[in-house]
Amino acid sequence: MSRTKENPKQDRQYGVMIKRYLLPEWRPLVWLGVLLLSSIALQLVNPQIIRYFIDTAQGQGSLTPLYYAGGLFIAFSLIQQGVSVAASYFSENLGWKTTNKLRVDLAAHCLSLDMSFHKKHTSGSLIERVDGDVNALAQFFSSFMINLAGNGLLTLGILVLLFRENIWIGIVMAVFVVGSMWAIQRIRQFAVPIWTRWRQVNAEYYGFIGEQLEGTEDTRANGAVGFAMSRFYELTRRMLPMRVRAFLGYFLMWSTTILVFALGNAAAFIVCAFLWKRGELTIGSAYLVFYYTELLAKPIEKIRTQLEDLQKADASLVRIGELLATRSAVQDGPGASLPRGPATVDLRGVTFAYEDDGPATLRDVNLTLESGRTLGLLGRTGSGKTTIARLLLRFYDPQQGAVLLSGTDIRSFKLSELRSQVAMVTQNIEILAGTVRDNLTLLDDRIPDSRILEVISDLGLDAWFAGLPDGLDTHLSSGGAGLSAGEGQLLAFARVFLTDPRLVILDEASSRLDPLTESRIEAAVDRLLNNRTCIIIAHRLATIQRADDIAILEQGQVVEHGKRAQLAEDPASRFNRMLAVGMEEVLV
Ligand code: ATP
Ligand code: MG
């Protein structure tokens, strides 16, 4: 009744998951099983003591056995509570241990996927996979099987004991168990869809708020507050009736459950009264039956929620399986080594489109850069400059042609090899929440502080560094709040220096910086270019003066390429015109 379609592939996936994540934790699993079985046994024993107590008390004999029975009852109750606590501990522990492993695997997998995957999937949906879906599975791992089996056994045990009391009581209660499960399941079919819709609109609501909070600055600056608020009102207006209906449904489900169990109690009473009148049942036994009927409510409820969890786990498992099965379009090569010294770069007939069936962003690009030289890459916005940089780092592979680094196709390298040799300083620097040290070394603790300080000093950042309250331990918040764009760039330069790559790509920020930062950056760039091959995506003439070679891109094609000095002297060149009338006039 829980799984809408039996899917053999999905069952195999459960198998894989259980083998990979649950079985290595067999020890707590065994403990959990033992604890749950003891808990069931204890729950079944206690009513027997009560029955003994009641029947003995009615017999007007000595009080001693009553004291024993009372003491025993208390002892068993205490042990049962202890067992429950221990079982919760093991099940929670097991759930988190197993799913943390899965979380790590998923996060690592997401990080290894190529950029086109990440462009297609919002961070929100990935968080939902790595956290939300895994949480749903945690239920499954920690308790599902043991709980389902445990509650099944408890129900069965109660029924067996009731049959032992009297066959009629057994039959009536067995009918009750089946009937109540059916009734609760039926009412659920009304309530659950409403509840699901409520959760959807709730997710939308949080998504909206998150998006708005992130964009507060833009919203206010552009006077879009009214628009944002009207969307907010519209959302809340949609939410209210759904919330009311969802809770009505929930209440309905809850009250039916109570009603069903009340009917069960009534049935037990009627049968007991009838049998008692005929002298076939003692008062103690009547109480026992009543107690067991009450006890039945728990496993019936539990089995229902367990089946619900299974449904959730089903959906999550499918999504997680899909994610894990996604192969990165960019795969590690067999591995290759580079000759020492600055790299050379060759783009041979590179044609590239972001979408396989979309328009080509780069068309038949040929570009050569000799070892140790600096290429100034120019072109109007959207001409494909950053795209070339992404291809050099293999965030994407070109559909046609090849990218060569020191004569080796970059698809031959392992990605980690390539990315330790090629560094990029982008237009947007990603600052992580953490200390300045963490941000510079990216948590590579093999880099000693002395080396970091050396780089900071080499880059002419002493003055800036002296201004930091806690030196390398100064905390930076994520997104780089508290850092200017220029400071962010300088930090990024320092990162590059610490990895000491053979090719540096500098995607210059197109925004203007203040003169002081600008002069610092100029100095830092000078140092950066020293004894390295470099591609500068330049937006300012000052930067271009550093380049040995110039390439101009137009709509994904190289329209001019040559030595800077020669191009500057050639009156027919675009570059010459650019120097005469300014970069912006020629490019835009
Ligand atoms: P700018 O000077 O503004 O930084 P650019 O020359 O660096 O521009 P690119 O970022 O390389 O330009 O973009 C080239 C083209 O590719 C643009 O038309 C852009 O719309 C498109 N493009 C860039 N990134 C993506 C992406 N992730 N998915 C799809 N298309 C993209
Ligand atoms: Mg760009």
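Order of listing sets the numbers, starting from 1, for every ligand and every atom in it.
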Practice item. Taking the six-membered ring of Y205 (Phe, Tyr or Trp), confirm whether the NZ or CZ of R243 is under 6.0 Å from its centre and within 45° of its axis. Key: no

Point to revise | Ionic contact status for D507 with K385, cut-off 4.0 Å | key: no

Exercise for review: May I ask you to check whether G379 has an N/O atom sitting below 3.5 Å from an N/O atom of ligand 1?
Suggested key: no

Review point. Taking N or O atoms only and a 3.5 Å limit, does T387 qualify as a polar contact for ligand 1?
Key: yes

Exercise for review: Give a yes or no on whether the backbone of T368 and the side-chain of D346 come within a donor-acceptor separation of less than 3.5 Å.
Suggested key: no

Exercise for review: State the atoms of ligand 1, each with its element, that fall below the 4.0 Å cut-off from a heavy-atom position in Y396.
Suggested key: 27 (N)

Practice item. Could you tell me whether M115 approaches ligand 1 through its side chain, its backbone, both or neither, with non-hydrogen atoms closer than 4.0 Å? Key: neither

Check your understanding: So, the side chain of T441 versus the backbone of R437: is there a donor-acceptor pair under 3.5 Å, distance only?
Key -> yes

Point to revise | Nearest protein heavy atom with distance in Å, relative to atom 15 (C) of ligand 1 | key: T361 CG2, 3.4 Å

Revision key, fill the gap. Note: F395, heavy atoms under 4.0 Å from ligand 1, region reported as neither

Review point. Is it true that R129 and E322 have a side-chain N and a carboxylate O under 4.0 angstrom from each other?
Key: no

**Study point:** Set of ring-ring contact (aromatic ring centres under 6.0 Å, His included) partners for Y396, sequence neighbours left out
**Key:** F352, Y354

Check your understanding: Closest non-hydrogen protein atom to atom 30 (N) of ligand 1, residue and atom name please, with distance?
Key -> Y354 CD1, 3.2 Å

Exercise for review: Applying side-chain contact (heavy atoms from CB on, under 4.5 Å) between D332 and each of R394, K414, E417, report the one that passes.
Suggested key: K414

Check your understanding: Rounded to the nearest 0.5 Å, how far does CG of L498 lie from CG of D444?
Key -> 9.0 Å

Study note, to complete from the structure: Under 2.8 Å from the Mg ion (ligand 2), the protein N, O or S atoms found are T386 OG1

Point to revise | Residues I320, L106; criterion side chain to side chain contact (heavy atoms under 4.5 Å, CB included); working and verdict | key: CA-CA 8 Å; I320 289 176; L106 276 175; 4.1 Å; yes

Point to revise | Residue, atom name and distance, where the atom is the protein heavy atom closest to atom 4 (O) of ligand 1 | key: Q427 NE2, 3.2 Å

Exercise for review: Return the residue, atom name and 0.1 Å-rounded distance of the protein heavy atom closest to atom 1 (P) of ligand 1.
Suggested key: T381 OG1, 3.5 Å

Point to revise | Side-chain donor-acceptor pair present, R502, Q421, cut-off under 3.5 Å | key: yes

**Study point:** Contact bool for atom 20 (O) of ligand 1 (protein heavy atom, d < 4.0 Å)
**Key:** no

Review point. Which part of Q555 is near ligand 1, with near meaning a heavy atom under 4.0 Å away: side chain, backbone, both or neither?
Key: neither

**Study point:** Nearest-contact summary for atom 10 (O) of ligand 1 - protein heavy atom, Å
**Key:** T386 CB, 3.6 Å

Practice item. Could you tell me whether some N/O pair between R390 and ligand 1 is separated by less than 3.5 angstrom? Key: yes

Check your understanding: Below 4.0 angstrom, N of the basic side chain to O of the carboxylate: do D549 and R373 qualify?
Key -> yes

Point to revise | Presence of salt bridge, K120 and E355, under 4.0 angstrom | key: no

Point to revise | Side-chain heavy atoms of L377 within contact of I505, under 4.5 Å | key: no

**Study point:** Among K385, H118, K119, closest by any non-hydrogen atom to atom 2 (O) of ligand 1
**Key:** K385

Exercise for review: State the atoms of ligand 1, each with its element, that fall below the 4.0 Å cut-off from a heavy-atom position in H539.
Suggested key: 2 (O)

Revision key, fill the gap. When distances are taken from atom 8 (O) of ligand 1, the protein heavy atom at minimum range is G382 N, 2.9 Å

Practice item. Carefully, step by step, assess R411 and Q331 under the rule side chain to side chain contact (heavy atoms under 4.5 Å, CB included). Key: CA-CA 8 Å; R411 279 172 287 211; Q331 292 286 328; over 6 Å; no

